[in-house]
Amino acid sequence: MPVWMLLTALLLALPAYALSPVAARHGMVASSEPLASQAGVEILQAGGNAVDAAVAVGFVLAVTFPQAGNLGGGGFMLIRMANGDAVVVDYREQAPAAASRTMYQDAQGNLIPDATSAGARAAGIPGTAMGLALAEEKYGKLGLKRVMAPAIRLAREGFPVSYSLAQALHSERARLEKYDDSRRIFLHDGHLYEPGATFLQPELARTLAEIAQRGPRAFYRGVGTKAFEATMRKYNGLISRQDLKQYQAKLRPPLVGRFRGYDILSVPPPSSGGTMLIEMLNVLEPLDLGTPNSYASIHLIAETMRRAYADRATYLGDADFVSVPVAGLTSPRYAARLREAILQSSPDAPVRAGEPQAFESGATTHFSVVDAEGNAVANTYTLNGWFGCGVTVEGAGFLLNNEMDDFAAKPGQPNMFGLVQGEANAIAPHKRPLSSMTPTIVTRDGKVRLVLGSPGGGTIINIVLQVLLNVLIYKMDILQAVTSPRFHDQWMPDYLTLERVGFSSDTLENLQQAGYPLSFRDSLGDCEAIEIDPASGWRFGASDPRADGKAVGY
Ligand code: GLY
């Protein structure tokens, strides 16, 4: 059944008050896959903190949610400890040393179809094993061996294939069957998994056990590199032994914004997520947004989105390689200028990137964790497209990303998410591609109030924005905030995308009459969120009903 039909049935069948978030006194994990959430809680109950649990969830998703959970991809983990220390672990992929600006263009300078998304040449150097291990080493309590135990167990002993995993495997068959190990492992040698079948991954269990024993060296310097080299040779990929050896996950300070008395912590470049989120919140701060999903509120929010995404296209890239005016883009004074322009313009007026310098001072997954002490983790990581580039590292049992598509393979031309991006995000050796991942933590008076994030490619930032506004302005509970219908505007292509279900025909008519070209999607994103009630300390978890995840607490 398509997601929109399921949502309609759910909304019609249940009065709004029957939907409630999962409540727990001590700790909570919300992720896109129930076994992963359960494993996170197992680690919390064994005395682990939120980071231990998050690292466990990250490794379990690599086993039970191979669409997006991964060893062969990368992401961002935002950690906020109860004492106020906060850090971002940037484990975004990097372009291989042999990558070049025009590597996906033909002799005439045209983009080669699918070159950035399919096959081993679409893969960036993975960061996940290094990033999760670094988080564990710096902020965890239990150590890698203990927190990786659930993932190793699930890979070795198997787990029942869910309906959604079976569907995903069936729908990606054409892409996966081109590569020997992908066909053998994920397509079960052509006898495709049905829901309820047991999925065993002995090679992946061995790879995980090596990492648990010897740390990320096993992946970046040890036996893992042989498997990598063989796979790259076989499928014409570019990642070399040297590329793996030089890879570093990086600790970065989070970006911090203010919105109506709350502190908003999110991620800096090479993700655009935190910068754009704070830019948009700054623009919206003093505006009266009326009622949720009314014409007036959608208009103001969509105009804000358009301007932020125009800036994204022009200014955002890996700040270790290009100068990104983050302080200008997140400056309240710059936001005031954008707001003025929004209030004076109409929806059909063209939008260009602003001038922030003067103010300088295809499948991803997210999980959120809070522990009993109040430590919190928001982690978004990805293979980019569903099952990444489709290639499995031979003998090692894990899929590789197709993150090279997140670069501007030809500045000015759209990528797989339709995002038009600029020179700042052009390909260069060992540069990190620009991301939209937006793991975010909201605090007030020094205490964590919200932990959230979502997959969704270029839509991620707007999804996080809307869930935040739903809680902070419209006072919805966390499940209402996550369930509420979503819309998305990314400046180019120039239309406003809305979920098919949930917007009134009056609102749609008003938007059309105002000049918004509309497009529709069954659903946008899969937000996994936790809210903490400041008075009682109770944790409330919400796993997006658009997908099959689960919030589990104790
Ligand atoms: N691969 C999606 C993103 O990083 O935005």
Side-chain angles (χ1 to χ4, degrees), residues 32 58 61 65-78 88-95 104 116-118 122-128 131 249-250 252 255 266-277 305 308-309 311-313 315-319 324 362-367 378-390 399-409 414-422 424-425 427 431-440 452-465 488 490-492 524-528:
S32 299
L61 287 168
F65 194 66
Q67 302 94 306
N70 67 80
L71 288 183
F76 298 89
M77 180 179 285
L78 169 60
V88 173
V89 184
D90 162 6
Y91 58 99
R92 181 69 163 162
E93 300 91 329
Q94 265 184 323
Y104 299 113
T116 56
S117 59
I125 307 162
T128 297
K250 297 185 179 182
R252 301 186 188 274
L255 289 182
S266 196
V267 289
S271 180
S272 59
T275 310
M276 299 293 98
L277 179 68
M305 291 172 173
Y309 275 75
D311 282 344
R312 181 191 189 280
Y315 298 114
L316 268 290
D318 181 351
V324 182
T364 299
T365 189
H366 176 86
F367 51 89
N379 186 94
T380 314
Y381 76 154
T382 187
L383 289 169
N384 198 26
W386 237 207
F387 302 104
C389 70
L399 285 153
L400 281 173
N401 67 84
N402 54 358
E403 217 66 64
M404 294 297 284
D405 186 78
D406 273 348
F407 277 118
N415 73 352
M416 73 157 87
F417 301 115
L419 288 169
V420 174
Q421 314 187 87
N425 190 29
I427 302 172
K431 194 175 174 186
R432 282 152 144 93
L434 183 62
S435 172
S436 298
M437 290 187 273
T438 315
T440 297
L452 76 164
S454 176
T459 68
I460 293 174
I461 315 166
N462 287 338
I463 292 167
V464 171
L465 173 73
H488 168 73
Q490 62 181 42
W491 173 58
M492 296 276 234
L524 291 167
D526 169 11
C527 182
E528 301 294 327

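Just so it is clear, the values below take in all heavy atoms, side chains as well, and ignore hydrogens, waters and symmetry mates. Order of listing sets the numbers, starting from 1, for every ligand and every atom in it.
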Numbered atoms and elements of ligand 1 in range of [X], under 4.0 angstrom, heavy atoms:
{"X": "M437", "result": "4 (O), 5 (O)"}
{"X": "S436", "result": "3 (C), 4 (O), 5 (O)"}
{"X": "R92", "result": "4 (O)"}

[X] side chain to [Y] main-chain N or O, any donor-acceptor pair under 3.5 Å?
{"X": "R432", "Y": "S271", "value": "no"}
{"X": "R92", "Y": "G127", "value": "no"}
{"X": "N425", "Y": "D406", "value": "yes"}

### Task
Working to the nearest 0.5 Å, report the span between CE of M437 and NE2 of H366.
11.5 Å

